[in-house]
Student: 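Sharing a structure here in structure tokens format.
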Amino acid sequence: MIQRIQTVYLFLAFIMTGILPFIFPLWTLNNETDFFFMQNQVYVILFGLSTTFSILGIISFKKRQNQFVIDRLNIILNLILLGLFVYRSLNVSGETEMVSEKGIGMFLPIFSIVLLVLANKAIKKDEDLVKSVERLR
């Protein structure tokens with residue numbers, strides 16, 4: 001059902017990847033301008049796919065196995081996004097290049113991964129409950 005706890009976790013993950021990147025910058029450039037995810041096409045695609053997977057996870061509540069797989073793919077996608085952010089922040093050497101200050105937007109994939117792991121744990125718990133009830137029949 002749609003009111004289960006994993007739906008709440010998936011909705012919060014949707015907010016983390018679909019709404020908050022528009023509000024919080026990824027980092028601040030040397031000329032004091034904020035760098036949002038919309039300024040790089042790769043980040044737009046990855047955040048868009050993560051948002052799409054969160055929505056697909058929410059609406060596939062009747063098929064728990066598909067929901068579990070979609071959430072796993074979303075976790076992998078957020079790990080890739082986080083890896084790109086870490087690579088970007090480590091590859092740029094100090095103040096010489098472009099990035100002068102990291103923004104809270106770089107941590108959004110971490111929060112999203114935590115929420116997706118909690119959702120997968122709840123999906124697994126529901127699946128185990130259904131299997132145990134079917135054994136009793």
Side-chain angles (χ1 to χ4, degrees):
M1 290 188 233
I2 205 141
Q3 71 269 15
R4 295 182 302 183
I5 189 69
Q6 58 261 32
T7 307
V8 173
Y9 291 140
L10 288 171
F11 183 71
L12 290 174
F14 163 75
I15 290 173
M16 287 289 171
T17 59
I19 297 172
L20 292 182
F22 288 103
I23 299 169
F24 297 115
L26 297 178
W27 48 76
T28 305
L29 302 176
N30 274 342
N31 57 3
E32 299 300 321
T33 59
D34 292 334
F35 184 87
F36 287 91
F37 80 102
M38 299 162 290
Q39 296 170 340
N40 190 335
Q41 188 176 14
V42 174
Y43 298 149
V44 170
I45 291 170
L46 291 176
F47 270 116
L49 281 173
S50 180
T51 304
T52 304
F53 282 157
S54 293
I55 292 172
L56 284 174
I58 290 172
I59 57 179
S60 67
F61 62 91
K62 288 186 180 181
K63 299 178 182 177
R64 286 177 300 278
Q65 289 296 331
N66 289 347
Q67 193 178 29
F68 192 77
V69 170
I70 289 169
D71 290 345
R72 287 266 172 116
L73 290 173
N74 201 354
I75 290 171
I76 292 170
L77 190 64
N78 277 302
L79 284 172
I80 291 170
L81 191 60
L82 183 64
L84 284 174
F85 290 158
V86 168
Y87 174 75
R88 172 72 187 233
S89 66
L90 292 178
N91 194 21
V92 176
S93 59
E95 302 288 324
T96 60
E97 192 69 29
M98 290 177 58
V99 177
S100 66
E101 183 178 318
K102 278 64 170 178
I104 195 168
M106 289 185 69
F107 300 106
L108 291 177
I110 295 172
F111 299 133
S112 180
I113 290 169
V114 169
L115 290 168
L116 290 168
V117 166
L118 290 172
N120 269 352
K121 189 181 258 190
I123 293 168
K124 180 76 170 137
K125 191 175 179 182
D126 276 357
E127 188 66 27
D128 291 343
L129 181 67
V130 168
K131 284 182 182 179
S132 71
V133 169
E134 287 178 0
R135 269 185 265 156
L136 292 176
R137 276 198 251 171

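What's counted below: heavy atoms across the whole structure, side chains too, no hydrogens, waters or symmetry copies. Small disclaimer: the values here were computed from a predicted structure and weren't measured.
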Student: Compute the ring centroids of Tyr43 and Phe85, then answer whether they are less than 6.0 Å apart.
Tutor: yes
Student: State which residue, out of Lys131, Lys62, Lys63, Arg4, fulfils the salt bridge (Lys or Arg N to Asp or Glu O under 4.0 Å) condition with Asp126.
Tutor: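 Output: one option passes, namely Arg4.
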Student: Count I, L, V, M, F, W, Y as connected when their side-chain heavy atoms are under 4.5 Å apart, and connections chain through other members. Are Phe11 and Phe68 then in the same cluster?
Tutor: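 No, no single cluster joins them.
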Student: Check whether any side-chain heavy atom of Met16 lies under 4.5 Å from a side-chain heavy atom of Leu12, and answer yes or no.
Tutor: no
Student: Does atom CZ (Arg72) have a neighbourhood of more than 12 heavy atoms from anything else shown, all under 6.0 Å?
Tutor: no
Student: What's the shortest heavy-atom distance between Ser112 and Ala13, and which atoms?
Tutor: OG-CB, 4.0 Å
Student: Measure the spacing between NZ of Lys124 and CD of Gln65 and express it to the nearest 0.5 Å.
Tutor: 7.5 Å
Student: Do you know which two heavy atoms are closest between Tyr9 and Leu115, and how far apart they sit?
Tutor: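 That would be CB-O, 3.6 Å.
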Student: Treating Asn74 as the side-chain partner and Ile70 as the backbone partner, does any N or O pair qualify as donor plus acceptor under 3.5 Å?
Tutor: no
Student: Between atom CD1 of Ile113 and atom CZ of Phe107, what is the distance when rounded to the nearest 0.5 Å?
Tutor: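 One gets 13.0 Å once the value is rounded to the nearest 0.5 Å.
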Student: Listed by chain and number, what are the ring pair (Phe, Tyr, Trp, His ring centres under 6.0 Å) partners of Phe24, not counting sequence neighbours?
Tutor: none
Student: Output the distance between atom CG (Leu82) and atom CD1 (Ile75), rounded to the nearest 0.5 Å.
Tutor: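 Taking CG in Leu82 and CD1 in Ile75, the distance rounds to 13.0 Å.
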Student: We want to know whether Asn66 and Ser60 form a side-chain donor-acceptor pair, criterion being a heavy-atom distance below 3.5 angstrom.
Tutor: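 Checked: Asn66/Ser60 side chains show no N/O donor-acceptor pair below 3.5 Å.
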Student: Who passes salt bridge (Lys or Arg N to Asp or Glu O under 4.0 Å) against Lys121, sequence neighbours left out?
Tutor: none
Student: Val130, Ile5: one ILVMFWY side-chain cluster at the under-4.5 Å cut-off?
Tutor: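 Looking at the clustering, Ile5 is in a separate group from Val130.
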Student: Give the cluster check for Leu129 versus Phe61: same hydrophobic cluster or not, with ILVMFWY residues linked at side-chain heavy-atom distances below 4.5 Å.
Tutor: no
Student: Atom CZ in Arg88, atom CG in Leu26: separation rounded to 0.5 Å?
Tutor: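 Here the interatomic distance stands at 9.0 Å.
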Student: Please name the pair of heavy atoms, one in Asp34 and one in Pro25, separated by the smallest distance, quoted to 0.1 Å.
Tutor: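 What the structure gives for the nearest pair is CB-CB, 3.6 Å.
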Student: Check Leu118, Leu56, Leu116 against Asp71 for a side-chain contact (heavy atoms from CB on, under 4.5 Å) and give me the one that passes.
Tutor: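 Answer to the side-chain contact (heavy atoms from CB on, under 4.5 Å) test with Asp71 among Leu118, Leu56, Leu116: Leu116.
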Student: Sub-3.5 Å donor-acceptor pair from the side chain of Ser50 to the main-chain atoms of Leu46, do we have one?
Tutor: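 Not at all, since once roles are kept as given, no pair shorter than 3.5 Å links the two residues.
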Student: Do Ile123 and Asn120 have side chains that approach each other closer than 4.5 Å (heavy atoms only, starting at C-beta)?
Tutor: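 Touching, per the 4.5 Å side-chain cut-off.
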Student: Is it the case that one hydrophobic cluster holds both Ile55 and Ile19, taking links as side-chain heavy atoms less than 4.5 Å apart, direct or via other members?
Tutor: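 Yes.
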Student: What distance do Ile80 atom CD1 and Tyr87 atom OH have between them, rounded to the nearest 0.5 Å?
Tutor: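 So the gap between those two atoms works out to 15.5 Å.
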Student: Just verifying a value: how many Å separate Phe14 CZ and Thr7 OG1, rounded to the nearest 0.5 Å?
Tutor: 14.0 Å
Student: For a quick test of reading the model, state the closest non-hydrogen atom pair linking Asn78 to Thr17 and the distance between them.
Tutor: OD1-CG2, 3.9 Å
Student: Locate the shortest heavy-atom distance separating Phe36 from Pro21; write the atom from each residue and the value.
Tutor: CD2-O, 3.7 Å
